[in-house]
Amino acid sequence: MDIRKKIIMLLKEGNTQKEISNIFKKEEIKPNSLSIIEKYLKEIREIYKAKTMFHLAFILIDEEYFIEEEAEFENHI
């Protein structure tokens, strides 16, 4: 499992960084400390060139929207 994808999925569900850390601990996913989650989030923001978490959310929403639009378009062809 890709930890970055799991973090993004948990963010989309509305979990905070601390909650994500607790979920990782409960599911025995390591590393799972709050500081590691923060480092992963910083890395994710850098990958997407997002300046803030709010900016990252918009980027991810746009990306998901375009994937859905593309799939819908392909279904009509």
Side-chain angles (χ1 to χ4, degrees):
M1 166 191 32
D2 184 12
I3 290 181
R4 288 174 204 85
K5 287 182 182 179
K6 177 83 172 173
I7 290 171
I8 290 171
M9 181 192 74
L10 291 169
L11 284 173
K12 285 182 176 183
E13 292 174 0
N15 292 289
T16 65
Q17 295 174 11
K18 188 172 184 175
E19 290 170 334
I20 292 171
S21 175
N22 290 335
I23 290 167
F24 276 29
K25 288 174 185 170
K26 187 176 183 179
E27 295 179 6
E28 297 181 2
I29 299 171
K30 293 184 181 181
N32 54 28
S33 69
L34 181 56
S35 65
I36 288 294
I37 302 302
E38 290 169 347
K39 286 178 185 178
Y40 272 113
L41 286 168
K42 182 180 180 205
E43 185 179 294
I44 292 166
R45 284 198 331 265
E46 288 173 358
I47 290 168
Y48 285 96
K49 297 179 175 65
K51 296 176 183 175
T52 64
M53 288 297 292
F54 189 76
H55 187 202
L56 177 63
F58 264 59
I59 291 169
L60 293 173
I61 288 168
D62 274 351
E63 183 177 276
E64 187 173 307
Y65 173 77
F66 286 119
I67 289 171
E68 289 174 2
E69 286 287 310
E70 189 174 290
E72 189 173 312
F73 177 74
E74 288 177 4
N75 288 337
H76 290 291
I77 295 178

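Computation of the quantities below employed the complete heavy-atom set of this structure, encompassing side-chain atoms and omitting hydrogens, waters and symmetry-equivalent molecules.
Within the 4.5 Å cutoff, side-chain heavy atoms of M53 are placed close to those of L11. By the 4.5 Å heavy-atom criterion applied to side chains, E27 and K6 are counted as neighbours. Annotation: side chain of F24 is not in contact with side chain of K30 (no heavy-atom distance under 4.5 Å).
In this structure, E28 places its CD atom where only 12 or fewer heavy-atom neighbours from other residues, nucleotides or ligands lie under 6.0 Å away. By the 6.0 Å contact criterion, NZ on K25 is enclosed, its count of non-hydrogen atoms from other residues, nucleotides or ligands being greater than 12.
Hydrophobic clustering, with ILVMFWY side chains joined whenever heavy atoms are under 4.5 angstrom apart, keeps L34 apart from I44. Hydrophobic cluster membership differs between F58 and M9, with clusters built from Ile, Leu, Val, Met, Phe, Trp and Tyr side chains linked at under 4.5 angstrom. Under a hydrophobic clustering in which Ile, Leu, Val, Met, Phe, Trp and Tyr are joined whenever their side-chain heavy atoms come within less than 4.5 Å, directly or via other members, I47 and I36 fall into the same cluster.
Distance check, rounded to the nearest 0.5 Å: CG of N15 to CD1 of I23 gives 4.0 Å. Here the CD1 atom belonging to I61 is positioned 8.5 Å from the NZ atom belonging to K12, to the nearest 0.5 angstrom. Atom CG of N22 sits about 11.5 Å away from atom CG of L10, to the nearest 0.5 Å.
Here the shortest heavy-atom pairing between I37 and I20 reads CD1-CG2, 3.9 Å. Across all non-hydrogen atoms, the minimal contact from I59 to A50 is CD1-CB, 3.8 Å. Contact record, Q17 with E38: OE1-CG, 3.1 Å, taken as the closest heavy-atom pair.
Not a single donor-acceptor pair under 3.5 Å links the side chain of N32 to the backbone N or O of S21. The backbone N or O of Y40 lies less than 3.5 Å from no partner atom in the side chain of E43, so there is not a single donor-acceptor pair.
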